[in-house]
Amino acid sequence: MSAIGSWLHDKIVDPLVQILRRGAEPKQLAFSAALGITIGIFPICGVTVFLCGFAIALLRSLCHPATAMLANFVATPIELSLIIPFLRLGEMITGGPHFELTSDAFKKVLTGQASSEVILSIAHAILGWLIAAPFILAGLYVVFLPCFKILVRNFSSGPISPRTPERKQKARDI
């Protein structure tokens, strides 16, 4: 197996299989995965883990923490590719000026010399994400729910739902 394949297996596939084997509710897993990815594509790099942790604490039993964090981790490469679309969406909604993305602007952000234009562009990107996030969350949930129903059925060792009682073993089954 290649180094990338081994890394993907160790960091994504194995944790997902462990989550599925614990027999969590498919609806909760689908919602948690959708939430983790939706928060994971927030357009400010480095804050998604904190936002995801806050959402998990706020939602408590509605959210499966490990699934949300795993999905948040998986969303990191997608996050970088969606910053510009969120920025442009925010600019379009506010009718704000088009921010030119140059290496000079990026350098100013990294050195702490960000101008008001850069700060306004960050606000536009956040606004774009805020507008898109409910649609992304709903769309991902609709896609993930049937997937998690199948995965939980195939990998779960316990009941599919906490409300579904486990089949009691009889003496002859042991």
**OP:** Taking all non-hydrogen atoms of both residues into account, name the closest pair between Ile83 and Ala125 and its distance.
**Re:** O-CB, 4.4 Å
Original post:
Would a distance-only check, ignoring hydrogens and angles, find a side-chain to backbone donor-acceptor pair under 3.5 Å from Glu117 to Phe99?
Top reply: no
Original post:
Cluster question for you: counting only ILVMFWY and a side-chain heavy-atom cut-off of under 4.5 Å, with indirect links fine, are Leu137 and Leu70 together?
Top reply: yes
Original post:
Same hydrophobic cluster for Ile39 and Leu80, using side-chain heavy-atom links shorter than 4.5 Å among ILVMFWY?
Top reply: no
**OP:** For Thr67 and Ala33, work out which heavy atoms get closest and say how close.
**Re:** CG2-N, 3.8 Å
Subject >> Heavy atoms from other residues, nucleotides or ligands near CD1 of Ile84 exceed 12 (cutoff 6.0 Å) >> reply: no
Original post:
Any side-chain heavy atom of Cys45 within less than 4.5 Å of one from Glu79?
Top reply: yes
**OP:** Kindly compute the distance separating CG (Leu145) from CD (Gln28), expressed to the nearest 0.5 Å.
**Re:** 12.5 Å
Original post:
If every non-hydrogen atom of Met69 is compared with every non-hydrogen atom of Ile56, which pair is closest and at what distance?
Top reply: CG-CD1, 4.0 Å
**OP:** Specify the closest pair of heavy atoms between Ile41 and Phe86, including all atoms of both residues, with the distance to one decimal.
**Re:** O-CE1, 3.3 Å
**OP:** May I have the step-by-step check of side chain to side chain contact (heavy atoms under 4.5 Å, CB included) for Tyr141 and Lys27, ending in yes or no?
**Re:** CA-CA 8 Å; Tyr141 178 78; Lys27 288 180 182 178; 3.6 Å; yes
**OP:** Considering non-hydrogen atoms only, spot the tightest contact between Gly90 and Leu127 and give its length.
**Re:** O-CD2, 4.1 Å
Original post:
Is any side-chain heavy atom of Leu29 less than 4.5 Å from a side-chain heavy atom of Val152?
Top reply: yes
**OP:** Please check if Ile136 and Ile78 belong to a single hydrophobic cluster, counting links between Ile, Leu, Val, Met, Phe, Trp and Tyr side chain heavy atoms closer than 4.5 Å.
**Re:** yes
Subject >> Approximate separation, where rounding is to 0.5 Å, of Ser61 OG and Glu25 CD >> reply: 11.5 Å
Original post:
Of all heavy-atom pairs between His124 and Thr94, which one has the smallest distance, and what is that distance?
Top reply: NE2-OG1, 3.0 Å
**OP:** Answer yes if Val17 and Phe148 sit in the same cluster of Ile, Leu, Val, Met, Phe, Trp and Tyr residues linked by side chain heavy atoms under 4.5 Å apart, and no otherwise.
**Re:** yes
Original post:
At what distance, to the nearest 0.5 angstrom, does CZ of Arg88 lie from OG of Ser121?
Top reply: 9.0 Å
Subject >> side chain to side chain contact (heavy atoms under 4.5 Å, CB included) between Ile44 and Ile126, worked out >> reply: CA-CA 8 Å; Ile44 299 178; Ile126 293 171; 3.4 Å; yes
**OP:** Write out all pairs satisfying ring-ring contact (aromatic ring centres under 6.0 Å, His included) with one or both partners inside residues 22-65, taking only residues at least two apart or from two chains.
**Re:** Phe42-Trp129
**OP:** Taking the side chain as every heavy atom from C-beta outward, state whether Cys63 and Leu35 have any atom pair closer than 4.5 Å.
**Re:** yes
**OP:** Examine Leu51 and Leu62 and state if one hydrophobic cluster contains both, with Ile, Leu, Val, Met, Phe, Trp and Tyr joined whenever side-chain heavy atoms are less than 4.5 Å apart.
**Re:** yes
